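Okay, so here's the structure we're looking at.
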Amino acid sequence: MIGTPARLAWYAAGVAVVFAGAFGAGGAVAPAARPAAAPAAPAGHDAHAGGTPDRAPQGPPAGLQISERGYTLVPAVTGLPPGDPVPFRFTVLGPDGRPVTRYDVEHDKKMHLIVASRDLGDFRHLHPELGADGTWSVPLALPRPGAYRVFADFAPQGGAGLTLGADLTAPGESAARPLPALSRTATVDAYTVTLEGELVPGRSSRLTLRVARDGRPVTDLQPYLGAFGHLVALRAGDLAYLHVHPEGEPGDGRTPAGPEITFAAEVPSAGEYRLFLDFRHAGTVRTAAFTARAGQAPPRPATPEATSKATPEAGPPADDHGDPGHGH
(Lines give C-alpha, C1' and ligand atoms only; values in the text may rest on other atoms or scores of the structure.)
Protein backbone atom coordinates (compact mmCIF):
# COMPACT_ATOMS: atom_id res chain seq x y z
CA MET A 1 0.00 0.00 0.00
CA ILE A 2 6.35 4.57 -4.17
CA GLY A 3 7.41 7.29 -6.15
CA THR A 4 10.50 8.85 -4.54
CA PRO A 5 14.03 7.43 -4.57
CA ALA A 6 13.83 6.97 -0.81
CA ARG A 7 10.76 4.79 -1.08
CA LEU A 8 12.36 2.74 -3.85
CA ALA A 9 15.34 2.24 -1.61
CA TRP A 10 13.01 1.04 1.11
CA TYR A 11 11.58 -1.58 -1.20
CA ALA A 12 15.05 -2.83 -2.04
CA ALA A 13 16.03 -3.01 1.61
CA GLY A 14 12.95 -5.01 2.53
CA VAL A 15 12.42 -3.02 5.71
CA ALA A 16 9.75 -3.92 8.26
CA VAL A 17 6.66 -1.86 8.71
CA VAL A 18 6.14 -1.27 12.39
CA PHE A 19 2.99 -1.24 14.49
CA ALA A 20 3.97 1.51 16.92
CA GLY A 21 2.75 2.54 20.33
CA ALA A 22 0.48 1.26 23.04
CA PHE A 23 -2.80 -0.60 22.96
CA GLY A 24 -5.59 1.96 22.39
CA ALA A 25 -9.31 2.18 21.85
CA GLY A 26 -10.62 2.85 18.36
CA GLY A 27 -12.19 6.20 17.62
CA ALA A 28 -15.90 6.07 17.03
CA VAL A 29 -17.43 7.81 14.07
CA ALA A 30 -18.64 11.22 15.16
CA PRO A 31 -19.12 14.67 13.62
CA ALA A 32 -15.61 16.00 13.19
CA ALA A 33 -14.56 19.12 15.03
CA ARG A 34 -12.06 21.45 13.43
CA PRO A 35 -8.75 19.60 13.77
CA ALA A 36 -5.93 21.05 15.79
CA ALA A 37 -2.64 21.96 14.20
CA ALA A 38 -0.51 18.95 13.34
CA PRO A 39 2.25 18.07 15.82
CA ALA A 40 5.79 17.89 14.60
CA ALA A 41 6.25 14.14 15.10
CA PRO A 42 5.65 12.18 11.88
CA ALA A 43 3.30 9.23 11.69
CA GLY A 44 2.48 6.63 9.09
CA HIS A 45 2.52 2.96 8.18
CA ASP A 46 5.64 2.59 6.05
CA ALA A 47 9.35 2.53 6.78
CA HIS A 48 11.93 4.13 4.53
CA ALA A 49 15.47 3.13 3.67
CA GLY A 50 17.62 2.60 6.73
CA GLY A 51 14.77 1.26 8.83
CA THR A 52 13.36 4.55 10.13
CA PRO A 53 9.56 4.29 10.38
CA ASP A 54 7.27 7.15 9.38
CA ARG A 55 5.21 6.56 12.52
CA ALA A 56 6.63 7.95 15.73
CA PRO A 57 7.35 5.35 18.43
CA GLN A 58 4.75 6.73 20.81
CA GLY A 59 0.98 6.81 20.50
CA PRO A 60 -1.54 4.14 19.57
CA PRO A 61 -1.07 1.74 16.65
CA ALA A 62 -2.33 2.77 13.24
CA GLY A 63 -6.03 2.71 12.47
CA LEU A 64 -7.32 3.08 16.02
CA GLN A 65 -7.92 6.81 15.72
CA ILE A 66 -10.31 8.77 13.54
CA SER A 67 -8.08 11.84 13.84
CA GLU A 68 -4.29 12.10 13.95
CA ARG A 69 -1.67 14.80 13.27
CA GLY A 70 -4.47 17.25 12.50
CA TYR A 71 -6.09 15.01 9.85
CA THR A 72 -9.61 13.65 10.40
CA LEU A 73 -11.52 10.93 8.53
CA VAL A 74 -15.13 11.99 7.92
CA PRO A 75 -17.43 9.30 6.43
CA ALA A 76 -20.58 10.68 4.79
CA VAL A 77 -22.63 7.99 6.55
CA THR A 78 -22.09 5.69 9.52
CA GLY A 79 -24.06 2.80 8.07
CA LEU A 80 -24.71 1.01 4.79
CA PRO A 81 -27.29 -1.65 3.94
CA PRO A 82 -25.85 -5.15 3.60
CA GLY A 83 -25.98 -6.89 0.25
CA ASP A 84 -25.33 -5.28 -3.10
CA PRO A 85 -22.66 -2.58 -3.55
CA VAL A 86 -23.68 0.98 -2.75
CA PRO A 87 -21.58 4.16 -2.94
CA PHE A 88 -19.48 4.85 0.15
CA ARG A 89 -18.18 8.43 0.38
CA PHE A 90 -15.81 10.13 2.76
CA THR A 91 -13.43 13.06 3.08
CA VAL A 92 -10.21 13.69 4.93
CA LEU A 93 -10.07 17.06 6.65
CA GLY A 94 -6.64 18.65 6.93
CA PRO A 95 -5.15 20.74 9.74
CA ASP A 96 -6.91 23.79 8.27
CA GLY A 97 -10.30 22.11 8.64
CA ARG A 98 -10.81 21.82 4.87
CA PRO A 99 -11.03 18.66 2.74
CA VAL A 100 -7.64 17.49 1.52
CA THR A 101 -7.49 17.43 -2.29
CA ARG A 102 -3.83 16.66 -2.92
CA TYR A 103 -2.28 13.30 -2.08
CA ASP A 104 0.96 11.54 -2.90
CA VAL A 105 0.79 8.30 -4.86
CA GLU A 106 1.83 5.38 -2.68
CA HIS A 107 1.99 1.90 -4.15
CA ASP A 108 0.35 3.08 -7.38
CA LYS A 109 -2.66 4.68 -5.64
CA LYS A 110 -3.50 7.85 -3.75
CA MET A 111 -5.85 6.07 -1.36
CA HIS A 112 -6.08 2.51 -0.06
CA LEU A 113 -9.34 1.75 1.73
CA ILE A 114 -9.40 -1.38 3.87
CA VAL A 115 -12.77 -2.62 5.14
CA ALA A 116 -13.02 -5.47 7.65
CA SER A 117 -15.79 -6.87 9.77
CA ARG A 118 -15.22 -6.60 13.51
CA ASP A 119 -15.05 -10.38 13.80
CA LEU A 120 -12.40 -10.38 11.01
CA GLY A 121 -14.37 -12.79 8.87
CA ASP A 122 -14.77 -10.33 5.97
CA PHE A 123 -12.09 -8.21 4.28
CA ARG A 124 -11.96 -5.74 1.38
CA HIS A 125 -9.04 -3.79 -0.13
CA LEU A 126 -10.45 -1.00 -2.31
CA HIS A 127 -9.20 2.07 -4.18
CA PRO A 128 -11.69 4.97 -4.17
CA GLU A 129 -11.87 7.76 -6.71
CA LEU A 130 -11.17 11.36 -5.66
CA GLY A 131 -13.51 14.18 -6.62
CA ALA A 132 -12.42 17.75 -7.20
CA ASP A 133 -14.00 18.79 -3.89
CA GLY A 134 -11.95 16.29 -1.89
CA THR A 135 -14.69 13.64 -1.63
CA TRP A 136 -13.62 10.03 -2.07
CA SER A 137 -16.14 7.53 -3.44
CA VAL A 138 -16.13 3.78 -3.99
CA PRO A 139 -18.80 1.07 -4.41
CA LEU A 140 -18.85 -0.96 -1.21
CA ALA A 141 -20.68 -4.20 -0.49
CA LEU A 142 -21.05 -5.22 3.14
CA PRO A 143 -21.88 -8.93 2.88
CA ARG A 144 -23.97 -9.27 6.06
CA PRO A 145 -25.39 -7.26 8.96
CA GLY A 146 -22.95 -6.33 11.69
CA ALA A 147 -20.13 -4.03 12.71
CA TYR A 148 -17.27 -3.08 10.40
CA ARG A 149 -14.13 -0.98 10.51
CA VAL A 150 -12.86 1.15 7.61
CA PHE A 151 -9.22 2.22 7.32
CA ALA A 152 -8.12 5.09 5.10
CA ASP A 153 -4.44 4.52 4.26
CA PHE A 154 -2.86 7.52 2.50
CA ALA A 155 -0.19 10.23 2.44
CA PRO A 156 -1.18 13.89 2.10
CA GLN A 157 0.96 15.63 -0.50
CA GLY A 158 4.40 16.26 0.90
CA GLY A 159 3.59 14.56 4.20
CA ALA A 160 4.20 11.23 5.87
CA GLY A 161 1.74 8.39 5.39
CA LEU A 162 -0.88 7.64 8.01
CA THR A 163 -3.91 5.44 8.57
CA LEU A 164 -7.20 6.68 10.04
CA GLY A 165 -10.05 4.39 11.08
CA ALA A 166 -13.80 4.71 11.60
CA ASP A 167 -16.65 2.39 12.46
CA LEU A 168 -19.38 1.42 9.99
CA THR A 169 -22.55 -0.57 10.61
CA ALA A 170 -24.72 -2.73 8.36
CA PRO A 171 -28.15 -2.85 10.04
CA GLY A 172 -30.03 -6.05 10.63
CA GLU A 173 -29.94 -9.08 12.85
CA SER A 174 -26.37 -10.24 13.26
CA ALA A 175 -24.28 -12.65 15.26
CA ALA A 176 -20.52 -12.33 15.62
CA ARG A 177 -18.60 -15.32 14.32
CA PRO A 178 -15.63 -16.74 16.22
CA LEU A 179 -12.17 -15.89 14.97
CA PRO A 180 -11.07 -18.55 12.47
CA ALA A 181 -8.77 -21.15 13.97
CA LEU A 182 -4.99 -20.81 13.85
CA SER A 183 -3.68 -22.18 10.55
CA ARG A 184 -0.51 -22.28 8.49
CA THR A 185 -2.36 -22.79 5.21
CA ALA A 186 -5.09 -20.94 3.35
CA THR A 187 -6.91 -21.86 0.17
CA VAL A 188 -8.52 -19.54 -2.34
CA ASP A 189 -9.84 -20.91 -5.63
CA ALA A 190 -7.24 -23.42 -6.83
CA TYR A 191 -4.44 -21.78 -4.83
CA THR A 192 -2.88 -22.87 -1.57
CA VAL A 193 -0.78 -20.41 0.41
CA THR A 194 1.42 -21.56 3.27
CA LEU A 195 2.80 -19.36 6.03
CA GLU A 196 6.24 -19.79 7.59
CA GLY A 197 7.68 -17.74 10.45
CA GLU A 198 6.47 -16.42 13.77
CA LEU A 199 5.06 -13.11 14.96
CA VAL A 200 7.20 -11.90 17.86
CA PRO A 201 5.95 -8.94 19.93
CA GLY A 202 8.29 -5.98 19.99
CA ARG A 203 10.74 -7.40 17.47
CA SER A 204 10.90 -7.61 13.69
CA SER A 205 10.15 -11.12 12.47
CA ARG A 206 10.40 -12.71 9.05
CA LEU A 207 7.26 -14.09 7.45
CA THR A 208 7.40 -16.10 4.23
CA LEU A 209 4.27 -16.95 2.27
CA ARG A 210 4.52 -19.60 -0.44
CA VAL A 211 1.95 -19.71 -3.25
CA ALA A 212 1.02 -22.92 -5.09
CA ARG A 213 -1.65 -23.69 -7.67
CA ASP A 214 -3.02 -27.21 -7.94
CA GLY A 215 -0.06 -28.35 -5.88
CA ARG A 216 2.57 -26.72 -8.10
CA PRO A 217 4.66 -23.71 -7.02
CA VAL A 218 3.63 -20.46 -8.71
CA THR A 219 6.71 -18.81 -10.21
CA ASP A 220 4.99 -16.17 -12.35
CA LEU A 221 3.18 -13.95 -9.88
CA GLN A 222 2.17 -10.64 -11.44
CA PRO A 223 2.88 -7.21 -9.97
CA TYR A 224 0.00 -5.73 -8.03
CA LEU A 225 0.31 -2.12 -6.88
CA GLY A 226 4.05 -2.24 -7.45
CA ALA A 227 4.77 -5.45 -5.53
CA PHE A 228 4.29 -9.22 -5.73
CA GLY A 229 2.16 -9.19 -2.59
CA HIS A 230 0.59 -7.01 0.07
CA LEU A 231 0.01 -8.08 3.65
CA VAL A 232 -2.44 -6.48 6.07
CA ALA A 233 -2.49 -7.59 9.71
CA LEU A 234 -5.35 -6.73 12.07
CA ARG A 235 -5.14 -7.40 15.78
CA ALA A 236 -8.13 -9.34 17.11
CA GLY A 237 -10.23 -7.27 19.48
CA ASP A 238 -9.35 -3.66 18.67
CA LEU A 239 -8.40 -4.14 14.99
CA ALA A 240 -5.11 -2.27 15.28
CA TYR A 241 -3.76 -2.05 11.73
CA LEU A 242 -0.47 -3.02 10.09
CA HIS A 243 0.20 -2.82 6.35
CA VAL A 244 3.50 -4.28 5.21
CA HIS A 245 5.05 -4.84 1.80
CA PRO A 246 7.50 -7.55 0.76
CA GLU A 247 11.23 -7.58 0.31
CA GLY A 248 12.31 -6.46 -3.14
CA GLU A 249 10.15 -5.30 -6.00
CA PRO A 250 9.20 -6.51 -9.47
CA GLY A 251 11.87 -5.80 -12.05
CA ASP A 252 14.71 -5.14 -9.63
CA GLY A 253 16.71 -8.05 -11.07
CA ARG A 254 16.88 -10.02 -7.83
CA THR A 255 13.31 -10.60 -6.65
CA PRO A 256 11.70 -13.75 -8.08
CA ALA A 257 8.02 -13.74 -9.05
CA GLY A 258 7.20 -16.46 -6.54
CA PRO A 259 6.55 -18.90 -5.20
CA GLU A 260 7.82 -17.21 -2.02
CA ILE A 261 6.91 -13.71 -0.86
CA THR A 262 8.87 -12.60 2.20
CA PHE A 263 7.90 -9.85 4.63
CA ALA A 264 9.40 -8.38 7.77
CA ALA A 265 6.81 -7.30 10.33
CA GLU A 266 6.72 -6.16 13.93
CA VAL A 267 3.66 -6.42 16.15
CA PRO A 268 3.39 -4.61 19.47
CA SER A 269 1.77 -7.19 21.69
CA ALA A 270 1.03 -10.83 22.30
CA GLY A 271 -2.31 -12.07 21.04
CA GLU A 272 -4.06 -13.21 17.89
CA TYR A 273 -3.88 -11.47 14.53
CA ARG A 274 -5.66 -11.95 11.26
CA LEU A 275 -3.35 -11.79 8.22
CA PHE A 276 -4.64 -10.99 4.72
CA LEU A 277 -2.33 -11.54 1.73
CA ASP A 278 -3.28 -9.97 -1.62
CA PHE A 279 -1.52 -11.48 -4.63
CA ARG A 280 -2.12 -11.40 -8.38
CA HIS A 281 -1.86 -14.33 -10.78
CA ALA A 282 -3.41 -15.04 -14.19
CA GLY A 283 -4.85 -11.52 -14.22
CA THR A 284 -6.84 -11.86 -10.99
CA VAL A 285 -6.17 -10.51 -7.50
CA ARG A 286 -6.91 -13.01 -4.74
CA THR A 287 -6.77 -12.78 -0.96
CA ALA A 288 -5.50 -15.54 1.32
CA ALA A 289 -6.36 -15.18 5.01
CA PHE A 290 -4.68 -16.65 8.10
CA THR A 291 -5.06 -16.46 11.85
CA ALA A 292 -1.71 -16.24 13.63
CA ARG A 293 -0.69 -15.85 17.25
CA ALA A 294 2.11 -13.69 18.60
CA GLY A 295 3.71 -15.09 21.73
CA GLN A 296 5.04 -13.28 24.74
CA ALA A 297 7.63 -10.61 24.04
CA PRO A 298 11.25 -11.65 24.65
CA PRO A 299 13.03 -10.14 27.68
CA ARG A 300 14.56 -6.79 26.88
CA PRO A 301 18.37 -6.88 27.24
CA ALA A 302 19.68 -4.91 30.19
CA THR A 303 21.45 -1.69 29.27
CA PRO A 304 25.06 -1.19 30.42
CA GLU A 305 23.81 1.46 32.84
CA ALA A 306 21.28 -0.90 34.38
CA THR A 307 23.86 -3.66 34.68
CA SER A 308 26.35 -1.42 36.39
CA LYS A 309 23.76 -0.30 38.92
CA ALA A 310 22.68 -3.81 39.88
CA THR A 311 23.67 -4.88 43.37
CA PRO A 312 23.48 -8.23 45.19
CA GLU A 313 20.88 -6.77 47.54
CA ALA A 314 18.68 -5.41 44.76
CA GLY A 315 19.19 -8.39 42.45
CA PRO A 316 19.53 -8.23 38.65
CA PRO A 317 17.40 -5.83 36.60
CA ALA A 318 13.88 -7.14 36.09
CA ASP A 319 12.99 -8.61 32.70
CA ASP A 320 10.52 -6.50 30.74
CA HIS A 321 7.96 -8.98 29.45
CA GLY A 322 5.29 -8.09 26.91
CA ASP A 323 1.77 -7.50 28.10
CA PRO A 324 -1.06 -8.74 25.85
CA GLY A 325 -2.77 -5.36 26.04
CA HIS A 326 0.18 -3.07 25.45
CA GLY A 327 2.78 -2.47 22.80
CA HIS A 328 6.45 -1.62 23.10
Side-chain angles (χ1 to χ4, degrees), residues 1 19 25-29 45 61-64 66 73 75-90 109 111-128 136-153 163-193 195 199 209 224-225 229-244 267 271-280 284-293:
M1 290 173 151
F19 248 147
V29 176
H45 67 274
L64 295 183
I66 199 169
L73 174 62
V77 296
T78 59
L80 290 177
D84 295 333
V86 295
F88 176 65
R89 298 182 178 88
F90 63 94
K109 298 291 182 180
M111 176 68 68
H112 300 265
L113 187 74
I114 304 298
V115 184
S117 60
R118 277 281 176 182
D119 61 17
L120 296 178
D122 298 301
F123 175 86
R124 302 285 187 276
H125 181 170
L126 307 172
H127 301 106
W136 293 95
S137 180
V138 65
L140 175 58
L142 301 181
R144 57 192 177 88
Y148 294 80
R149 187 77 174 168
V150 296
F151 303 91
D153 186 341
T163 304
L164 303 178
D167 290 328
L168 191 62
T169 301
E173 185 176 350
S174 65
R177 297 173 293 183
L179 191 70
L182 299 173
S183 177
R184 291 283 181 171
T185 62
T187 58
V188 51
D189 298 335
Y191 296 83
T192 300
V193 183
L195 170 65
L199 293 174
L209 294 108
Y224 174 58
L225 302 176
H230 295 263
L231 186 66
V232 169
L234 297 173
R235 184 166 59 186
D238 65 351
L239 273 62
Y241 173 96
L242 170 68
H243 190 172
V244 59
V267 295
E272 293 184 332
Y273 293 79
R274 192 73 170 151
L275 310 180
F276 300 94
L277 172 71
D278 290 334
F279 65 95
R280 184 180 182 184
T284 300
V285 177
R286 296 172 173 86
T287 302
F290 305 82
T291 301
R293 177 178 292 144

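In this text, all values refer to a predicted model and were calculated from it rather than measured experimentally.
- For the atom pair CG of Asp84 and CG of Leu140, the computed distance is 12.0 Å after rounding to the nearest 0.5 Å.
- A pairwise comparison of heavy atoms in Pro75 and Ala166 identifies CG-CB, 3.9 Å as the closest pair.
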Query raised in the report: Could you go step by step and tell me if Phe88 and Leu168 meet the side-chain contact (heavy atoms from CB on, under 4.5 Å) rule?
Result: CA-CA 10 Å; Phe88 176 65; Leu168 191 62; 4.1 Å; yes
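- Applying the 6.0 Å contact sphere to CZ of Arg293 captures no more than 12 heavy atoms from other residues, nucleotides or ligands.
- When side chains are defined from C-beta on, Leu277 does not count as touching Leu275, because their heavy atoms never get closer than 4.5 Å.
- In this structure, Met111 and His127 have side chains that are not in contact, with every pair of non-hydrogen atoms separated by 4.5 Å or more.
- Residue Leu113 holds its CG atom at 11.0 Å from OG1 of Thr163, rounded to the nearest 0.5 Å.
- Closest approach of Leu234 to Ala116, counting heavy atoms only: CD1-CB, 3.6 Å.
- The only option from Asp153, Leu73, Ile66, Val150 that meets the side-chain contact (heavy atoms from CB on, under 4.5 Å) definition with Leu164 turns out to be Leu73.
- Pairing each heavy atom of Ser183 with each of Phe290, the nearest pair is O-CD2, 3.8 Å.
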**Report entry** Worked check of salt bridge (Lys or Arg N to Asp or Glu O under 4.0 Å) between Asp167 and Arg149
**Finding:** CA-CA 5 Å; Asp167 290 328; Arg149 187 77 174 168; 2.9 Å; yes
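- Side-chain contact between Leu242 and Pro61: absent, with no pair of heavy atoms (C-beta onward) separated by less than 4.5 Å.
- In this structure, CG on Leu142 lies 8.0 Å from CZ on Arg124, to the nearest 0.5 angstrom.
- Counting heavy atoms from C-beta outward, Arg286 and Val193 have side chains that stay 4.5 Å or more apart.
- Nearest heavy atom pair, residue Tyr148 against residue Ala170, reads CE1-CB, 3.9 Å.
- Under a 3.5 Å cut-off, the side chain of Asp238 and the backbone N or O of Ala240 do form a donor-acceptor pair.
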Query raised in the report: When you look at Leu120 and Leu239, which way does the side-chain contact (heavy atoms from CB on, under 4.5 Å) test go after all the steps?
Result: CA-CA 8 Å; Leu120 296 178; Leu239 273 62; 3.9 Å; yes
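- Here His230 contributes atom NE2 and Ile114 contributes atom CD1; the two are 10.0 Å apart, rounded to the nearest 0.5 Å.
- A pairwise comparison of heavy atoms in Leu179 and Ala236 identifies CD2-CB, 4.1 Å as the closest pair.
- The backbone N or O of Pro180 lies less than 3.5 Å from a partner atom in the side chain of Thr291, making a donor-acceptor pair.
- When every heavy atom of Ser174 is checked against every heavy atom of Pro145, the shortest pair comes out as CB-O, 3.3 Å.
- The CZ atom of Arg118 sits 9.5 Å away from the OG1 atom of Thr169 when rounded to the nearest 0.5 Å.
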Query raised in the report: Please walk me through it: do His125 and Leu225 pass side-chain contact (heavy atoms from CB on, under 4.5 Å)?
Result: CA-CA 12 Å; His125 181 170; Leu225 302 176; 4.0 Å; yes
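- At a threshold of 4.5 Å between non-hydrogen side-chain atoms, the residues Val232 and Phe123 count as touching.
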Query raised in the report: Arg177 and Asp122: side-chain contact (heavy atoms from CB on, under 4.5 Å), yes or no, with the steps?
Result: CA-CA 10 Å; Arg177 297 173 293 183; Asp122 298 301; 3.0 Å; yes
